[in-house]
Amino acid sequence: MTHSQIDLLCLGEPLGEFNATRAESGAFQFGQGGDTSNCAVAAARQGLSVGYVGALGDDMAGRSVRALWRREGVDDSHVATHPSAPTGLYFVDHGPSGHVFSYLRAGSAASLYGPGDLPLGLIGAARIVQASGISQAISASACDAVFTAFETARAAGVLTAYDTNLRLKLWPLARARAIIHAACAMADIVLPGLDDATQLTGLSEPDAIVDVYLGLGARVVALTLGHEGSLVATPVRRERFRPIKVDAIDATGAGDCYDGAFLAEYLRTGDAFAAGAYANVAAALSTQGYGAVAPVPRRADVEARMAAEARGI
Ligand SMILES: O=C(O)C(=O)C[C@H](O)[C@H](O)CO
């Protein structure tokens, strides 16, 4: 499908997902993941016009990702199908301290994507371009594609949003820190998680962490704090959002859902704190089922829960 206007354009690697929902039986639930694809779907479920930029393999996983996007209304017309390189895959295991990811993605179609493949006109016409540390970790050419996309966006006055999403299975910390912080310095909206940010900055105190990212030039920092909720900061104001109570089953993709919900609400309201309140609830609701996409709530679910919270229910 093609939209006349794409408000949010996400860039990175979509993946096929095998989720060990019942590890003892060796059964996996198949789905789709990839952080920026999850963000795209989450934003589309909140009513935003969304597109994706990247590449898929000519295989079952790639076709399932494309089918997902089409069901969800995410524009896939600028996603190439590579004739021979595969779609990346990942596996989700559930251990005592939460989910653990492992990957089969080296040499994937998305990792072969580079700056020359970017639809520069589309990027210049969006309202926000979003990418992540994972988008850059998968290969040098994909890393450069994010920098070029951000340069193009900034030159056109398009907002840039970046989730640090640190994956040390994909690159070493020193290189990750250098690249991620270079990208954050080009981002208007930085969306780190506390664990990532602690490793990247060496700091553990949320206010000190947001100071680092504001210092790099972000106009909004939205820091997710896991079970402690989230903190949103601008250079002139900051606000902490307390966690809501949910029966969490699987937090896979909760940070991506936060990003999509945050960006959708930020574009709708122009208010980072309204976006923070909204995304804080959306991300918590997304942990109530297995997988990165299936449990992502829609606007009506988020608004109903926000109203219930406001009434103290
Ligand atoms: O870890 C990754 O590389 C992924 O993109 C897979 C997941 O969907 C994602 O991490 C969930 O946040």
Side-chain angles (χ1 to χ4, degrees), residues 10-21 28-43 45 52-57 61-62 64-65 68-69 72 74 79 86-95 98-111 113 130-139 142-143 146 161-171 176 179-180 191-197 199 222 224 226 230 248-263 279 282-296:
C10 300
L11 170 59
E13 176 161 43
L15 298 168
E17 175 189 86
F18 291 88
N19 201 313
T21 53
F28 290 96
Q29 179 176 297
F30 181 72
Q32 296 77 32
D35 62 339
T36 52
S37 173
N38 301 337
C39 169
V41 171
R45 285 193 184 178
Y52 200 84
V53 171
L56 291 164
S64 80
V65 170
L68 166 76
W69 288 334
E72 300 289 343
V74 175
V79 177
T87 305
L89 303 175
Y90 81 121
F91 298 82
V92 186
D93 201 357
H94 300 276
H99 56 261
V100 180
F101 299 145
S102 49
Y103 303 118
L104 271 182
R105 67 196 309 178
S108 68
S111 74
Y113 198 83
Q130 185 257 4
S132 76
I134 298 172
S135 311
Q136 297 200 281
I138 54 174
S139 71
C143 179
V146 172
Y162 193 86
D163 188 322
T164 54
N165 263 345
L166 178 66
R167 297 288 184 271
L168 293 176
K169 285 184 177 167
L170 300 179
W171 53 357
I179 298 286
I180 288 172
L191 302 144
L194 182 63
D195 291 347
D196 289 5
Q199 295 189 74
T224 52
S230 50
I249 293 176
D250 176 13
T252 302
D256 311 332
C257 173
Y258 183 94
D259 293 359
F262 186 95
L263 297 176
L285 295 179
S286 78
T287 65
Q288 299 179 117
Y290 282 105
V293 167
V296 168

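Counting convention: from 1, in listed order, for ligands and their atoms alike.
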**Q** Residue-level breakdown please: for N165 versus ligand 1, do any non-hydrogen atoms fall below 4.0 Å on the side chain, on the backbone, on both, or on neither?
**A** neither
**Q** Answer with side chain, backbone, both or neither: which part of L170 has a heavy atom less than 4.0 angstrom from an atom of ligand 1?
**A**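 It is neither part, as no heavy atom is under 4.0 Å.
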**Q** For the pair Y258 and S286, evaluate side-chain contact (heavy atoms from CB on, under 4.5 Å) and give the outcome as yes or no after the intermediate values.
**A** CA-CA 9 Å; Y258 183 94; S286 78; over 6 Å; no
**Q** Has ligand 1 got any nitrogen or oxygen that is less than 3.5 angstrom from a nitrogen or oxygen of R105?
**A**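 Checking ligand 1 against R105, an N or O pair does fall under 3.5 Å apart.
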**Q** Which of these passes side chain to side chain contact (heavy atoms under 4.5 Å, CB included) with I134: D256, L166, N165?
**A** N165
**Q** Taking the side chain as C-beta and beyond, is there a heavy-atom pair between Q130 and Y162 under 4.5 Å?
**A** no
**Q** With heavy atoms under 4.0 Å as the rule, classify the contact between E13 and ligand 1 as side chain, backbone, both or neither.
**A** neither
**Q** Checking the N or O distance criterion of under 3.5 Å, is ligand 1 in contact with Y103?
**A**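 N/O-N/O distance under 3.5 Å: yes.
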**Q** What protein heavy atom sits nearest atom 5 (O) of ligand 1, and how far off is it?
**A** D35 N, 2.8 Å
**Q** So, for F91 and F101, is the gap between ring centers shorter than 6.0 Å?
**A** no
**Q** Any chance the side chains of E13 and T36 put a donor and an acceptor closer than 3.5 Å?
**A**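 Their side chains do not contain a donor-acceptor pair, so the 3.5 Å distance test is not met.
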**Q** Which residue and atom name correspond to the protein heavy atom nearest atom 11 (C) of ligand 1, and how close is it?
**A**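 Result: D256 OD2, 3.2 Å.
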